[in-house]
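Order of the sequence lines sets the chain letters (A, B, ...), proteins ahead of strands, with each chain counted from 1. It should be emphasised that the depicted structure is a prediction, and the values quoted were computed from it without experimental measurement.
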Number of protein chains: 2
Amino acid sequence: MTESENRGATTLPSDLFRDPACSTSARPVTVGGKWTALVLRCLEDGRPHRFTELRVPLHWITPKVLTETLRAMERDGFVSRTVHDEHPPRVEYALTPLGRSLLDPLDAACAWARTHGGAIADARDSYDTAAETR
Amino acid sequence: MTESENRGATTLPSDLFRDPACSTSARPVTVGGKWTALVLRCLEDGRPHRFTELRVPLHWITPKVLTETLRAMERDGFVSRTVHDEHPPRVEYALTPLGRSLLDPLDAACAWARTHGGAIADARDSYDTAAETR
DNA sequence: CTGTATCCCGAAAGATACTG
DNA sequence: CAGTATCTTTCGGGATACAG
């Protein structure tokens with residue numbers, strides 16, 4: 001599918017977990033809970049997104065955990081929650097300006113991970129092998 | 001005490017917990033575990049510091065938890081651990097270049113907290129009061 | 001579709017006491 | 001001084017099932 005064919009689509013990132021900067025082990029700097037940074041990435045396109053839609057790029061995170069994550073982010077003022085009065089219900093989540101400002105330190109964290117993330121793995125290897133031979 | 005009188009002293013930060021950027025609730029971007037960012041701040045002067053010495057600015061963190069934190073940071077290559085062959089034993093911890101590089105994203109996180117940290121408290125207030133009156 | 005309600009598990013953190 | 005050894009608590013996260 002080309003970009004132009006994708007017009008109007010929901011265009012959520014699908015390779016979230018392939019980004020080395022998203023690997024928890026290589027990114028010591030985290031945002032909020034386990035899923036907060038990933039949700040920020042899902043919403044950074046500026047568009048509102050629905051609940052179930054968000055679950056896909058998050059590897060079908062359980063609804064309980066996604067609810068907890070979104071509620072916490074809403075309470076902190078990072079995301080807005082809009083309920084449309086329809087059947088079936090439609091609820092949309094979007095980044096607030098405050099939430100968007102969080103992308104700055106998150107980008108800094110990811111930049112660090114891309115540059116130095118490999119050094120962590122190396123350090124762990126030598127630490128662990130040194131511990132083994134003792 | 002003036003700066004010049006402080007020459008040669010261990011000069012660990014004493015106001016760690018008064019810095020709004022260190023308040024967990026206002027700094028959604030964290031580094032490693034609960035104590036990692038604080039240890040980085042203790043070591044950012046570039047000097048080596050001893051185990052018990054580190055406990056003071058950390059509000060007498062229990063030795064078990066400090067050991068776990070330092071071991072994890074050592075394994076990741078963020079701090080070096082030097083054992084001096086003396087009696088009583090003297091062990092010194094210092095930042096490695098990799099650990100020092102972590103100060104970049106940490107500073108970005110603290111800068112965000114100083115600028116927007118108050119907005120979180122405001123958002124929580126209105127969210128909580130809105131929830132109460134329901 | 002958008003959640004809640006339960007139950008469960010492991011990891012992180014803390015209190016306390018003890019050792020080389 | 002610089003840890004280790006236990007024990008306990010807490011909490012984030014996950015599985016599953018069900019409701020409006």
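- Atom CZ of B:R75 is separated from atom CZ of A:R124 by 5.0 Å, given to the nearest 0.5 angstrom.
- Of the listed nucleotides (D:dT4, C:dA13, D:dA2), C:dA13 has the atom at the smallest distance from the side chain of B:K64.
- For B:W35, the listed nucleotide lying nearest its side chain is C:dG14; candidates were D:dG13, D:dA2, C:dG14.
- Summarising the geometry, atom CD1 belonging to A:I61 is positioned 9.0 Å from atom CD belonging to A:E68; distances are rounded to the nearest 0.5 Å.
- Under the side-chain contact (heavy atoms from CB on, under 4.5 Å) rule, B:L38 has a single partner from B:L16, B:L43, B:L54, which is B:L16.
- The side chain of A:Y93 places an N or O atom within less than 4.0 Å of a non-bridging phosphate oxygen (OP1 or OP2) of C:dG3.
- Of the listed nucleotides (D:dA2, D:dT4, C:dT2), C:dT2 has the atom at the smallest distance from the side chain of A:F51.
- For the OP1/OP2 pair of D:dA15 and a distance below 4.0 Å, the side-chain nitrogens and oxygens of A:W60 include no atom meeting the criterion.
- Put simply, A:R81 has a side-chain N or O that comes within less than 4.0 Å of OP1 or OP2 on C:dG3.
- For the OP1/OP2 pair of C:dA12 and a distance below 4.0 Å, the side-chain nitrogens and oxygens of B:R71 include no atom meeting the criterion.
- Taking side-chain N and O atoms only, B:T67 has no distance below 4.0 Å to OP1 or OP2 of D:dG3.
- Classification of the A:F17-A:W35 ring pair by plane angle, with boundaries at 30° and 60°, yields perpendicular.
- Heavy atoms of A:V65 sit under 4.0 angstrom from at least one base atom.
- Remark: C1' of C:dA12 and CD1 of B:I61 are 12 Å apart, rounded to the nearest angstrom.
- Between B:T62 and the phosphate of C:dA15, there is no side-chain N or O to OP1/OP2 separation shorter than 4.0 Å.
- Checked against C:dT2, D:dG14, D:dC1, the side chain of A:R50 finds its nearest nucleotide in C:dT2.
- Phosphate contact (OP1/OP2 of C:dT2, side-chain N/O of A:R90, threshold under 4.0 Å): absent.
- A donor-acceptor contact shorter than 3.5 Å links the side chain of B:W112 to the backbone of A:S101.
- Rounded to an integer number of Å, the gap from B:L66 CG to C:dA12 P is 16 Å.
- For the pair A:D85 CG and D:dG20 C1', the computed distance is 13 Å after rounding to whole Å.
- D:dG14 atom P lies 10 Å from atom CD of A:E68, rounded to whole Å.
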